[in-house]
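Take a look at the structure set out below.
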Protein chains: 2
Amino acid sequence: MNKQHNIVDLARELGRAISEMRTFMRQNLQVKIREQNVDITFELLEILGILFRKDGVNQQEIADVIVKDKSSMTYLIDNLEKRGMVERREDQNDRRSKLIYLTEKGRALEKELNPWIREMYEKATMGMEMNDLQVALSQIQKMNENLRKQ
Amino acid sequence: MNKQHNIVDLARELGRAISEMRTFMRQNLQVKIREQNVDITFELLEILGILFRKDGVNQQEIADVIVKDKSSMTYLIDNLEKRGMVERREDQNDRRSKLIYLTEKGRALEKELNPWIREMYEKATMGMEMNDLQVALSQIQKMNENLRKQ
DNA sequence: AATAATTAGTTTGAATTCAAACTAATTATT
DNA sequence: AATAATTAGTTTGAATTCAAACTAATTATT
């Protein structure tokens with residue numbers, strides 16, 4: 001797009017592009033949700049997306065992947081549990097943690113919902129090179145490391 | 001970090017890094033807010049940051065830069081107005097739009113708050129090359145364009 | 001072994017975001 | 001000129017996020 005003359009402005013623009021990307025991803029999935037008339041929210045779909053790949057993980061592990069805080073996690077898992085899509089089970093190895101498992105009902109959604117997520121990412125990366133994306137990722141990760149250090 | 005074997009997983013990881021970046025930026029500014037004991041929120045600070053650079057822009061223009069929707073904007077500008085930091089003025093050229101101006105009180109915050117934002121971006125980009133960042137930005141923008149097309 | 005520090009999850013109340021429906025004004029199309 | 005489509009902003013109610021304080025359990029330190 002437009003050239004930035006210094007690194008701070010470039011970082012600003014990157015921050016902007018980044019927020020925009022999340023909005024677009026949300027809108028993209030929202031279209032499917034509306035079209036297919038499925039009773040689910042973007043946030044719950046994010047969690048299900050993780051669990052489809054591998055369930056039996058605790059809330060914090062999910063939170064780390066989709067970048068939510070603990071309390072949002074409690075709220076969202078409560079919601080999924082009320083809908084009968086997941087269940088909390090005790091962790092034999094650590095009594096603090098609760099392992100989240102898909103129920104049958106939750107698992108039954110996989111076939112319909114999982115392609116939405118994949119298609120969204122495929123659409124996003126259309127015509128892009130893995131190497132370029134890898135560079136972008138490593139840049140963002142480097143910025144994150146910089147920001148992490150207090 | 002860890003290598004991804006296909007482009008969808010790479011995009012997933014990028015999405016994750018991106019969400020994380022926003023969290024870190026928030027936490028970084030939150031530390032300053034707490035340390036300096038200033039009565040402001042991260043979201044309001046984002047808007048002030050735009051206005052410090054150039055005020056007299058309408059709500060939608062601000063929303064486009066910081067990527068918020070219209071209704072969040074109404075809410076946040078209301079808040080800033082209640083605090084006496086900004087004011088809405090009529091736009092002579094377009095009676096739909098409202099131009100947002102810093103008040104004296106708002107302008108007075110610039111000296112203290114603006115460096116926080118700059119320092120955060122400087123910290124984020126420490127030891128990074130403009131060229132690499134430019135590549136990262138153009139990749140994200142390309143993904144955004146892909147996602148924009150319905 | 002006792003103590004301190006860290007970690008997983010919850011609760012609370014306030015702040016923010018979201019989708020949807022809306023009004024009023026402007027711009028594009030017929 | 002009339003009509004349709006788009007745009008800036010608001011309102012509403014529900015969903016989500018946030019910071020802060022908390023409990024219970026685990027891990028690290030003394």
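So that the names make sense, note that chain A is the first sequence line, chain B the second, and so on, each numbered from 1. All values reported here derive from a predicted model rather than from experimental measurement.
- Looking only at distances, a side-chain donor or acceptor of B:Asp55 sits under 3.5 Å from a matching main-chain atom of B:Leu102.
- Atom CD of B:Glu20 and atom CD of B:Gln27 lie 9.5 Å apart (nearest 0.5 Å).
- B:Val135 and A:Ile18 are not part of a single hydrophobic cluster, where members link through side-chain heavy atoms under 4.5 Å apart.
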List, with names and distances, any nitrogen or oxygen atoms from the protein found under 3.5 Å away from nitrogen or oxygen atoms belonging to nucleotides 22-26 of chain D.
unit_1, atom_1, unit_2, atom_2, d
D:dT26, OP1, A:Arg95, N, 3.1

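- Going from atom CZ of A:Phe24 over to atom P of C:dC18 covers 13 Å, rounded to whole Å.
- Contacts between residues 79-87 of chain B and DNA chain D, defined by a heavy-atom separation below 4.0 Å, involve no residue at all.
- Separating the CD atom of B:Glu46 from the P atom of D:dT17 is a distance of 16 Å, rounded to the nearest angstrom.
- In this structure, A:Gln27 atom CD and C:dA20 atom C1' are separated by 14 Å, rounded to whole Å.
- To the nearest angstrom, P of C:dC18 lies 9 Å from CZ of A:Phe42.
- For residues 47-60 of chain B, proximity to DNA chain D is found at B:Asn58, B:Gln59, B:Gln60, defined as any non-hydrogen atom under 4.0 angstrom from a strand atom.
- Within the structure, the salt bridge (Lys or Arg N to Asp or Glu O under 4.0 Å) test picks out the following pairs touching residues 25-38 of chain A (sequence neighbours left out): A:Arg26-A:Glu43, A:Lys32-A:Glu119.
- When all heavy atoms of B:Gly49 and B:Ile117 are compared, the pair lying nearest together is CA-CD1, 3.8 Å.
- Dashed line: the shortest gap from a side-chain N or O of B:Arg88 to OP1 or OP2 of D:dG9 is not under 4.0 Å.
- Base pairing in DNA chain C gives the following stems of 3 or more Watson-Crick or G-U pairs, range against range and under 3.5 Å: C:1-30 with D:1-30.
- For the pair A:Thr41 and C:dC18, the criterion of a side-chain N or O lying under 4.0 Å from OP1 or OP2 is not met.
- In terms of hydrophobic clustering, with Ile, Leu, Val, Met, Phe, Trp and Tyr side chains grouped at heavy-atom distances under 4.5 Å, A:Met126 and A:Trp116 are assigned to different clusters.
- Although no hydrogens or angles enter the test, the distance criterion places no donor-acceptor pair under 3.5 Å between the side chain of B:Thr125 and the main chain of B:Met128.
- Spacing between atom CD of A:Glu35 and atom C1' of C:dA19 amounts to 16 Å, rounded to whole angstrom units.
- Between B:Met143 and A:Leu133, some side-chain heavy-atom pair lies under the 4.5 Å cut-off.
- Comment: A:Lys142 does not engage A:Glu145 in a salt bridge, judged by the lack of any side-chain N to carboxylate O separation of less than 4.0 angstrom.
- The backbone N or O of B:Phe24 sits nowhere less than 3.5 Å from a side-chain atom of A:Asn144 that would complete a donor-acceptor pair.
- B:Leu14 and A:Ala136 make their closest contact through CD1-C, 4.1 Å (heavy atoms, listed as atom of the first residue, atom of the second, distance).
- For the pair A:Leu45 CG and C:dC18 C1', the interatomic distance rounds to 16 Å; values are reported in whole Å.
- At the heavy-atom level, B:Arg22 lies nowhere under 4.0 Å from the strands shown.
- In this structure, CZ of B:Arg89 is placed 19 Å from C1' of D:dA8, rounded to the nearest angstrom.
- The interatomic distance linking B:Glu90 (CD) with D:dA8 (P) rounds to 18 Å, in whole Å.
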Check: residues 80-91 of chain B side-chain donor-acceptor pairs under 3.5 Å, at least two apart:
unit_1, atom_1, unit_2, atom_2, d
B:Glu81, OE1, B:Arg88, NH1, 2.8
B:Glu81, OE2, B:Arg88, N, 3.2
B:Arg83, NE, B:Asn79, OD1, 2.8
B:Arg83, NH1, B:Asp39, O, 2.8
B:Glu87, OE2, B:Arg89, NE, 2.9
B:Glu87, OE2, B:Arg89, NH2, 3.2
B:Arg88, NE, B:Gln59, OE1, 2.9
B:Arg88, NH1, B:Asp78, OD1, 2.9
B:Arg88, NH2, B:Gln59, OE1, 3.2
B:Arg88, NH2, B:Asp78, OD1, 3.0
B:Asp91, OD1, B:Asn93, N, 2.8
B:Asp91, OD2, B:Ser97, OG, 2.7

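- Pairs passing the salt bridge (Lys or Arg N to Asp or Glu O under 4.0 Å) check and including a residue from residues 57-76 of chain A, sequence neighbours excluded, read A:Glu46-A:Lys68.
- Of the two residues near DNA chain C, A:Thr23 and A:Ile100, the one whose nearest nucleotide lies more 5' is A:Ile100.
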**OP:** For the pair A:Glu104 and A:Arg107, evaluate salt bridge (charged side-chain N to carboxylate O under 4.0 Å, His left out) and give the outcome as yes or no after the intermediate values.
**Re:** CA-CA 5 Å; A:Glu104 272 193 46; A:Arg107 180 63 72 186; over 6 Å; no
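- The salt bridge (charged side-chain N to carboxylate O under 4.0 Å, His left out) test applied to B:Glu129 returns no partner, not counting sequence neighbours.
- For the pair B:Ser97 and D:dT7, the criterion of a side-chain N or O lying under 4.0 Å from OP1 or OP2 is not met.
- By the rule that hydrophobic residues join a cluster once side-chain heavy atoms approach within less than 4.5 Å of another member, B:Ile100 and B:Val67 end up as members of separate clusters.
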N/O to N/O distances under 3.5 Å, protein versus nucleotides 1-3 of chain C:
none

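- Between A:Ile47 and A:Met73, the shortest heavy-atom distance links the atoms CD1-CE, 3.7 Å.
- Looking at residues two or more places apart in sequence or on another chain, you find a salt bridge (charged side-chain N to carboxylate O under 4.0 Å, His left out) between B:Arg12 and B:Asp9.
- Contacts between residues 65-78 of chain A and DNA chain C, defined by a heavy-atom separation below 4.0 Å, involve A:Lys70, A:Ser71, A:Thr74, listed by number.
- By the salt bridge (charged side-chain N to carboxylate O under 4.0 Å, His left out) test, B:Asp94 pairs with B:Arg96, sequence neighbours left out.
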